[in-house]
Structures are given as C-alpha cells and as structure tokens.
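Step one of this worksheet: look at the structure below.
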Amino acid sequence: MTEETTATTANGKIGEIIEIIGGLTVLELAELVKALEDKFGVSAAAPVMMAGAMPGDGGEEAVEEKDSFDVVLTNVGEKKIQVIKVVREITSLGLKEAKALVDEAPKPVKEGATKEEAEEIQSRLQDAGATVELQ
C-alpha cells in the first residue's frame, strides 16, 4: 500500500494508530504484538499448513516440513553480556533494546527464520551460554 492509499483508506482512529505504530521500535512492536495476542486470545504467527491426506491423493499422507521457525531465548545463562552482544548482532537492536530483550526472557529473538538461519542463530546464542528453543 502506498502512503497515499493508506491516507485515503485509513481515517480517524485507524490513521492515528498507523502513525503511532510507525514510530515504534522493534522491541516495542514485539511487546505490542504479545499484548494483542494476550488480550484477544489470538496468534500473530503465520498460519502453518497442516500435513494430512488431501482429497484425491489416494489417502496417502503428505508430510510437509516446517520452513519457518521462531528462535526463542528461553534462558540467558551466566554470560549475560555475551548473550546481549550476540542478540545485538542478530537483531541490529541498540544496546538498551537488546538488554531489555535478554532481561525479559523467554522472548523471541528472531521470528520467521529459515531452518538454516534459525539453527545458526541457535548455535551462536548457545555458544554465548544461552538456552534457546526453536518453535
């Protein structure tokens, strides 16, 4: 959507909300998403197709491998400073935002990562002393 389209379709409160969201940091957006999920009992995660029998496929089950992963920092461990450094490298967050993310564990560090990217991030965080979970 272009800014012009957004301006013409978003009026009143919606336009104000879009302006406010546009000024949030990545960490603030993550907190907003979590609060909305909790408030309305929904998930902002992309829908994942369920593997199963498809009509007309002879009843054979198709197994679909998950191709999008969330890397969740579950425990910081004893080397908090090293973990913060790795989080900053992965997310490009500032020191304050990275520290806040680490302090609020369990917290997603990267969402929607490929399998290879998620495993690489997991390895880097574990090498720094953190406990990480792929979801």
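Note that these values count all heavy atoms, side chains included, but never hydrogens, waters or copies made by symmetry.
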### Message
With rounding to the nearest 0.5 angstrom, report the NZ to CD1 distance, Lys110 to Ile121.
### Response
5.5 Å

### Task
Give the minimum heavy-atom separation between Ala98 and Arg88, together with the two atoms involved.
CB-CG, 3.2 Å

### Query
Hey, are the side chains of Leu134 and Asp70 touching, using non-hydrogen atoms and a 4.5 Å cut-off?
no

### Query
Are any of the side-chain heavy atoms of Val87 and Leu125 separated by less than 4.5 Å?
yes

### Message
With rounding to the nearest 0.5 angstrom, report the OG to CD distance, Ser68 to Gln135.
### Response
11.5 Å

### Message
Would you say Ile81 ends up clustered with Val86 if hydrophobic residues are merged whenever their side chains have heavy atoms under 4.5 Å apart, either directly or through other cluster members?
### Response
no

#### Entry: Residues Glu133, Gln122; criterion side chain to side chain contact (heavy atoms under 4.5 Å, CB included); working and verdict
CA-CA 7 Å; Glu133 184 179 296; Gln122 180 182 31; over 6 Å; no

### Query
Hey, what do you get for OG1 (Thr74) to NZ (Lys107), rounding to the nearest 0.5 Å?
14.0 Å

### Query
Quick check: are there more than 12 heavy atoms from other residues, nucleotides or ligands sitting under 6.0 Å from CG of Leu24?
yes

#### Entry: Close side-chain approach of Val109 and Leu101, heavy atoms under 4.5 Å
yes

### Query
When hydrophobic residues are tied together by side-chain contacts of less than 4.5 Å, even through go-betweens, does Val132 share a cluster with Val72?
no

### Task
Report the distance from atom CD1 of Ile84 to atom CD of Glu97, rounding to the nearest 0.5 Å.
12.0 Å

### Message
Do Leu36 and Ile20 sit in one hydrophobic cluster, given that two such residues count as connected whenever their side-chain heavy atoms are within less than 4.5 Å of each other, even indirectly?
### Response
no

### Task
May I ask you to test the Lys80-Lys99 pair for a side-chain heavy-atom distance under 4.5 Å?
yes

### Query
Would you find a donor on one side and an acceptor on the other, under 3.5 Å apart, between the side chain of Glu28 and the backbone of Thr25?
yes

### Query
Residues two or more places apart in sequence or in another chain: which of them pass side-chain contact (heavy atoms from CB on, under 4.5 Å) with Glu120?
Arg124

### Task
Could you grab the distance from atom NZ of Lys115 to atom CZ of Phe69, nearest 0.5 Å is fine?
6.0 Å

